[in-house]
Amino acid sequence: MSKCLALVVAAGRGRRFGGETPKQYLDLGGRPVLRHSLATLAAHPDIGAVRAVIHPDDRGLYDAAAQGLALLEPVAGGPGRQDSVRFGLESLAADGIAPELVLIHDGARPFVDSGTIGRVVAALAESPGAIAAVPVTDTIKRAGGPEELPPRIDATVDRAGLWRAQTPQGFRYPDILAAHRAAAALDLTDDAAVAERAGLPVTLVMGTEDNVKITTIADLRRAARRFDLPAETRVGSGFDVHRFGPGTAVTLCGVLVPHGHGLEGHSDADVALHAVTDALLGAIAAGDIGHHFPPSESRWRGAASEIFVRHAASLVRGLGGEVVAVDLTLICERPKVGPHRGAMIARLAGILEIAPERVSVKATTTEGLGFTGRGEGIAAQATATVRMVSR
């Protein structure tokens with residue numbers, strides 16, 4: 001069971017846009033609107049899994065939007081948003097993957113950021129509910145009756161203490177599931193309202209003005225302008241160490257290198273690929289290898305470390321980025337890396353799906369100093385450069 005799971009609500013039809021394609025599947029910066037939030041949530045180190053709630057007629061559109069992302073199977077929504085959330089929550093229990101915490105996010109909010117997600121999750125350690133929100137800064141006016149055209153001001157509303165609710169909205173899973181079941185016949189505006197009705201305290205955490213909900217064509221056009229900015233270059237670093245143990249070879253960059261010892265560690269103990277994985281995750285602020293592949297989970301024992309690198313690279317691509325280059329340094333007295341460098345470069349380039357000239361593999365020693373100098377193990381450090389679309 002994942003501690004925290006994200007539920008993305010994307011079952012609406014968005015008819016205010018006109019046309020046949022719901023707004024969450026329209027293009028935004030070269031990717032569907034929905035993909036932006038799916039990718040951000042999937043890459044967040046606090047999120048163990050992501051499930052979307054979609055309209056049954058949109059399965060083809062959803063599959064295209066979610067291609068390449070490691071997500072749970074989507075489930076069908078209901079006639080209204082509140083129904084869709086409840087169906088999504090019920091599906092988690094039905095599938096035996098009920099988490100401790102759940103974040104509920106609107107699929108039409110493509111610009112949710114990692115910091116906002118982290119603040120909501122952190123707040124759930126102290127409160128049964130927490131939502132992203134921003135304080136109201138504009139002066140608020142209440143208009144007269146709907147028969148007045150144009151409407152006239154009826155009153156000025158005191159804005160002190162007023163906040164604009166956003167998503168994600170996070171809750172302890174059993175609490176919000178029970179609250180939604182109890183409110184099934186009602187039509188409340190958001191999940192915090194469902195929680196409030198059930199008597200659950202809900203904490204406000206700071207959201208961002210960028211975390212807009214796309215409701216109209218004008219919203220989509222404004223959002224698209226964010227992608228007119230130049231691409232952003234990011235750099236991440238990774239470091240890993242494994243000690244020698246019994247064996248006749250070590251695996252480095254997925255290449256079996258004969259040696260008088262093996263390497264100890266979870267998975268296949270490929271210290272090189274572990275460092276590369278952390279470098280890629282670091283470039284997109286997605287935590288570290290232990291968050292995504294906990295060594296406490298037996299399924300990773302003996303696993304090929306290329307799985308970890310491919311996952312990290314897929315998170316980069318899911319966020320609209322590309323891996324530009326990787327620079328890896330192996331630190332050891334033995335085995336000698338030189339005879340195997342070409343094979344390592346070719347293998348790592350293949351895993352990353354980039355040209356070999358964008359991969360550097362080097363080796364050095366510590367002149368007999370330290371644990372590597374004493375021949376007790378191998379260290380590796382890596383730098384990854386990625387290019388991200390501005391958003």
Side-chain angles (χ1 to χ4, degrees), residues 6 8-44 50 52 54 58 61-62 64-69 81 103 105-120 131-140 163-169 190 205-236 283-286 314-324 385-391:
V8 180
V9 188
R13 310 306 290 147
R15 293 308 186 195
R16 275 177 282 183
F17 270 71
E20 296 300 318
T21 303
K23 62 184 178 183
Q24 60 268 34
Y25 299 108
L26 294 176
D27 180 80
L28 177 61
R31 295 181 290 159
V33 169
L34 176 60
R35 184 179 179 89
H36 292 272
S37 55
L38 289 175
T40 300
L41 289 161
H44 198 281
V50 179
I54 66 173
D58 295 341
L61 292 169
Y62 170 80
Q67 185 177 11
L69 299 177
R81 183 190 184 280
L103 300 190
H105 184 65
D106 291 330
R109 288 188 187 270
F111 299 135
V112 63
D113 67 287
S114 179
T116 299
I117 295 168
R119 287 191 292 275
V120 173
I131 73 168
V134 292
V136 172
T137 57
D138 294 323
T139 298
I140 304 298
W163 292 65
R164 290 187 284 115
Q166 300 180 332
T167 65
Q169 300 190 351
D190 68 354
V205 305
M206 187 61 69
T208 69
E209 292 292 347
D210 289 338
N211 187 18
V212 295
K213 184 176 182 180
I214 293 178
T215 304
T216 67
I217 284 289
D219 295 334
L220 185 64
R221 289 171 179 159
R222 280 191 293 270
R225 288 198 287 270
R226 298 181 57 167
F227 294 90
D228 293 336
L229 300 173
E232 177 183 47
T233 298
R234 300 185 190 176
V235 177
I284 56 172
S314 74
L315 294 180
V316 173
R317 290 191 291 270
L319 291 168
E322 64 172 324
V323 181
V324 175
T385 304
V386 303
R387 183 181 295 115
M388 306 294 294
V389 175
S390 296
R391 45 163 275 180

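Judged by distance alone, with hydrogens and angles left aside, the side-chain atoms of His36 form a donor-acceptor pair with the main-chain N or O of Leu28 at under 3.5 Å. Looking only at distances, no side-chain donor or acceptor of Asp58 sits under 3.5 Å from a matching main-chain atom of Ile54. No donor-acceptor pair under 3.5 Å is formed between the side chain of Asp106 and the backbone N or O of Val9. Gln166 places no side-chain N or O within 3.5 Å of a backbone atom of Val134 that could act as its donor or acceptor partner. Remark: side-chain polar atoms of Arg31 are paired, donor with acceptor, to backbone N or O of Gly318 under 3.5 angstrom. The backbone N or O of Ala10 lies less than 3.5 Å from a partner atom in the side chain of Gln24, making a donor-acceptor pair.
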Pair Leu69-Arg35, side-chain contact (heavy atoms from CB on, under 4.5 Å): steps then yes or no: CA-CA 9 Å; Leu69 299 177; Arg35 184 179 179 89; 3.8 Å; yes
Pair Leu26-Ile214, side-chain contact (heavy atoms from CB on, under 4.5 Å): steps then yes or no: CA-CA 11 Å; Leu26 294 176; Ile214 293 178; over 6 Å; no
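Closest approach of Ala43 to Ala286, counting heavy atoms only: O-CB, 3.1 Å. In terms of heavy-atom proximity, Leu38 sits nearest to Ala52 at CD2-CB, 4.4 Å. Closest approach of Ala133 and Ala165 over heavy atoms only: CB-CA, 4.1 Å. Between Val120 and Ala132, the closest heavy-atom pair is CG2-N, 3.9 Å. Looking at every heavy atom in both residues, Val112 comes nearest to Ser37 through CG1-CB, 4.4 Å. Nearest heavy-atom pair across Ala283 and Val386 is CB-CG2, 3.7 Å.
Using a 4.5 Å heavy-atom cutoff, the side chains of Val324 and Thr233 are not in contact. Between Asp219 and Val212, every side-chain heavy-atom pair lies at or beyond the 4.5 Å cut-off. Counting heavy atoms from C-beta outward, Val50 and His105 have side chains that stay 4.5 Å or more apart. Within the 4.5 Å cutoff, side-chain heavy atoms of Arg226 are placed close to those of Asp210.
Here Arg164 contributes atom CZ and Lys213 contributes atom NZ; the two are 13.5 Å apart, rounded to the nearest 0.5 Å. Of the inter-residue distances, the one linking Thr215 atom OG1 with Arg109 atom CZ reads 8.0 Å to the nearest 0.5 angstrom. To the nearest 0.5 Å, the span separating CG on Leu61 from OG1 on Thr21 amounts to 6.0 Å. Here the CG atom belonging to Leu315 is positioned 5.0 Å from the CD1 atom belonging to Ile284, to the nearest 0.5 angstrom. Atoms CD1 and CZ, from Ile131 and Arg119 in turn, are 13.0 Å apart once rounded to the nearest 0.5 Å. Here Leu103 contributes atom CG and His44 contributes atom NE2; the two are 9.0 Å apart, rounded to the nearest 0.5 Å.
In the model, Thr116 has a side-chain atom that pairs as donor or acceptor with a side-chain atom of Asp113 under 3.5 Å.
Using cut-offs of 30° and 60° on the angle between ring planes, the pair Phe111 and Phe227 is tilted.
By the neighbour-count criterion of 12 heavy atoms within 6.0 Å, atom CZ of Arg387 is sparsely surrounded, having that number or fewer from other residues, nucleotides or ligands.
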